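Contents: one structure, followed by commentary.
Computed from heavy atoms alone, side chains included, the values below leave out hydrogens, waters and symmetry copies. Keep in mind it's a predicted model, so treat the numbers as computed, not measured.
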Amino acid sequence: GDDNVADEYKVTADLNINVGDDGISTIKFSDNYEWKQDVGYQKVFDEDNNPLSSKGQDITVQFGDDRQTLIGKTEDDRVIFEITIDEVEKEYTFELKDVVDHPIMNVEDVIRGISFDIVVIDDDQSSDQNLADGETEYKDIGYGTIKVDIADDIPCASNTNDDVDLTGSEPTEPFEI
């Protein structure tokens with residue numbers, strides 16, 4: 001479409017998460033997307049750190065009804081996109097619902113590296129005598145990033161590049177999807 005007409009597109013891709021026999025406790029978006037008193041909702045940027053906009057208005061993200069959905073909106077409350085995590089299928093879906101401005105107006109190009117931080121927690125829990133009664137310590141937590149491109153108003157999602165492997169006994173290092 002052009003910069004004034006929104007095409008609605010949806011893509012789904014695998015997260016490539018391996019938690020071994022433990023199973024997944026949860027996959028969710030990072031706490032980075034909570035509303036903050038000093039800055040409001042977090043703006044969305046491409047890989048070159050350019051803020052994304054729609055019809056000249058900045059796009060910010062906020063949680064949907066849970067921490068498994070992020071909604072990209074403008075200040076006039078237009079929903080530009082939704083990205084949802086399906087922890088059962090270990091995949092994510094990005095749905096473009098309205099137009100995203102291109103860096104060079106009237107030229108269809110690729111907006112690369114729109115990033116969303118996620119947290120993966122497996123079911124490998126243990127009780128520790130040093131923890132208060134009823135508290136749980138999670139042994140394996142992984143952090144990562146989902147990246148989405150938008151080419152000619154069509155979102156592009158691909159299966160993640162790196163596996164999220166929480167089968168080791170040491171805490172995992174940050175990963176990139």
Side-chain angles (χ1 to χ4, degrees), residues 1-3 5-34 41-48 50-55 58-74 77-103 108-123 140-167 172 174-177:
D2 63 39
D3 281 292
V5 178
D7 296 325
E8 195 167 330
Y9 291 99
K10 184 188 295 191
V11 292
T12 300
D14 292 331
L15 288 170
N16 292 331
I17 297 171
N18 179 8
V19 293
D21 295 332
D22 295 332
I24 291 175
S25 175
T26 191
I27 307 170
K28 62 183 183 176
F29 288 103
S30 163
D31 292 341
N32 297 345
Y33 304 107
E34 290 180 345
Y41 290 112
Q42 181 174 319
K43 290 183 182 181
V44 181
F45 296 90
D46 67 13
E47 70 182 7
D48 294 324
N50 298 311
L52 294 189
S53 62
S54 176
K55 298 182 183 176
D58 286 338
I59 300 172
T60 60
V61 289
Q62 60 193 52
F63 289 113
D65 293 334
D66 55 33
R67 297 215 185 250
Q68 294 178 321
T69 301
L70 282 179
I71 301 169
K73 290 184 171 184
T74 57
D77 238 14
R78 279 184 301 116
V79 174
I80 309 305
F81 64 80
E82 286 186 16
I83 182 167
T84 305
I85 295 171
D86 180 335
E87 68 184 18
V88 173
E89 298 297 326
K90 299 181 196 169
E91 62 188 21
Y92 68 94
T93 300
F94 182 92
E95 184 174 6
L96 186 63
K97 296 178 170 258
D98 205 331
V99 65
V100 174
D101 296 338
H102 292 268
E108 297 293 337
D109 51 6
V110 179
I111 301 168
R112 295 191 184 279
I114 306 166
S115 299
F116 306 96
D117 297 331
I118 64 170
V119 177
V120 179
I121 303 172
D122 79 0
D123 275 335
D140 298 320
I141 300 175
Y143 303 91
T145 304
I146 295 171
K147 291 190 177 181
V148 176
D149 298 337
I150 299 175
D152 297 332
D153 297 329
I154 300 171
C156 305
S158 57
N159 295 342
T160 58
N161 296 330
D162 299 324
D163 289 344
V164 178
D165 190 347
L166 298 179
T167 58
T172 60
F175 62 90
E176 182 172 283
I177 295 178

Kindly say whether [Y] contributes a backbone atom to a donor-acceptor pair with the side chain of [X] at under 3.5 angstrom?
X: D14; Y: E91; value: no
X: Q68; Y: I27; value: yes
X: S54; Y: V99; value: yes
X: Y41; Y: G72; value: no
X: D101; Y: K55; value: yes

Applying the side chain to side chain contact (heavy atoms under 4.5 Å, CB included) test to I80, which of V100, I71, T60 qualifies?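 Passing option: V100.
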Run the side-chain contact (heavy atoms from CB on, under 4.5 Å) test on V44 and I114 for me, step by step, so that the C-alpha distance in whole Å, both residues' side-chain angles and the decisive distance to 0.1 Å come before the verdict. CA-CA 7 Å; V44 181; I114 306 166; 3.5 Å; yes
Taking the side chain as every heavy atom from C-beta outward, state whether [X] and [Y] have any atom pair closer than 4.5 Å.
X: I59; Y: F81; result: yes
X: I146; Y: L15; result: yes
X: F63; Y: L70; result: yes
X: K28; Y: I85; result: no

Quick one: list whatever passes ring-ring contact (aromatic ring centres under 6.0 Å, His included) with F29, sequence neighbours left out.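 Counting only residues at least two positions away or on another chain, F29 forms no ring-ring contact (aromatic ring centres under 6.0 Å, His included).
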Indicate yes or no: does D31 engage R67 in a salt bridge with an N to O separation below 4.0 Å.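 Looking at R67 together with D31, the answer is yes, because their closest N to O distance falls below 4.0 Å.
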Salt bridge or not for E82 and K10, using N-O below 4.0 Å?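 A salt bridge is absent here (no side-chain N lies under 4.0 Å from a carboxylate O).
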Could you tell me which non-hydrogen atom of L96 sits nearest to which non-hydrogen atom of D98, and how far apart they are?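 Shortest heavy-atom separation between L96 and D98 comes out as CD1-O, 3.3 Å.
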In chain order, what residues pass the salt bridge (charged side-chain N to carboxylate O under 4.0 Å, His left out) check against E47, with sequence neighbours excluded?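 E47 satisfies salt bridge (charged side-chain N to carboxylate O under 4.0 Å, His left out) with no residue once adjacent residues are dropped.
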When rounded to the nearest 0.5 angstrom, what distance separates [atom1] in [X] from [atom2] in [Y]?
X: F94; Y: I150; atom1: CZ; atom2: CD1; result: 4.5 Å
X: I118; Y: Y33; atom1: CD1; atom2: OH; result: 9.5 Å
X: Y92; Y: D86; atom1: OH; atom2: CG; result: 13.5 Å
X: I24; Y: T26; atom1: CD1; atom2: OG1; result: 8.5 Å
X: T84; Y: E95; atom1: OG1; atom2: CD; result: 8.0 Å

